[in-house]
Amino acid sequence: MLETICETLVEAYRRNWITSRDGNVSIRHHDRDHFYITPSGVRKQTLQPDQFKKIGIKKGIGTGFANEHTTYHWEVLPYSPISTGLTPSGELPLHFGLQREMGQHRDDVRVVVHLHPTYCVAAMHAGIDLSTIVNDFPELSRYTRVAPNVPDVPPISQELADQCHHNLQLDQDGNINFDIVGIKGHGVVAIDTSPWRAFEHIERLEHICKIVLASKV
Ligand SMILES: [Zn+2]
């Protein structure tokens, strides 16, 4: 599926949803304690599967105030000779939180896609909360659950990761209540069981945002 991720990023670039080095994607299979993430700063038009970074998910038991709780940290694992010289996407904290436990995708695959689609970002810039437009467009709400916008937090920050996880209602078991969340002044994050399914959440929301913005002219 790494090949498929590369294809979705070429298509995202073709649609102006990212500039050359933007966007990042991760993928985890339920029966593996590692996931793959796109490398930082690589042109998405020429991204190859052997350039991905392999990230191990390490569990430990910490002691909280009342109970023992599971703690997690990541470890970059060896993958391919080409990927050795690359670093993981700066949005690794965002992806790690969503990949460390897979929630409703626990028997499947989880793909997390972060892009900068033009009309989604424009709608948020215009002051529209993306979660509020679903009710007027059944073709959107039928297939895609849209979370409330995350405010304009700094890119590649733990704050961005935490706010996205919070608005997606991510719990300790990895369950989420939404398929996509927008980050004001930045982009969106979509989650599903294949690269193209996650891509389609973005495509659907982008199409509706274009309509909404056109109606306000
Ligand atoms: Zn971004």
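Just follow the structure's listing: the first ligand is 1, and inside any ligand the first atom is 1. Reckoned from all heavy atoms, side chains included, excluding hydrogens, waters and symmetry mates.
The distance from atom CD1 of I27 to atom OH of Y36, rounded to the nearest 0.5 Å, is 10.0 Å. Atom OG of S80 sits about 11.0 Å away from atom CZ of F52, to the nearest 0.5 Å.
Ring-plane geometry between H186 and H114 is classed as perpendicular, the angle between the planes exceeding 60 degrees on a 0 to 90 degree scale with a lower cut at 30.
Look at R15 and E11 and you find a salt bridge, because one of the NZ, NE, NH1 or NH2 atoms lies within 4.0 Å of a carboxylate O, short of that distance.
Protein atoms of type N, O or S found under 2.8 Å from the Zn ion (ligand 1) total 3.
Within a 6.0 Å radius of NE2 in H34, more than 12 heavy atoms belonging to other residues, nucleotides or ligands are found.
Between F35 and W74, the ring center distance fails the sub-6.0 Å criterion.
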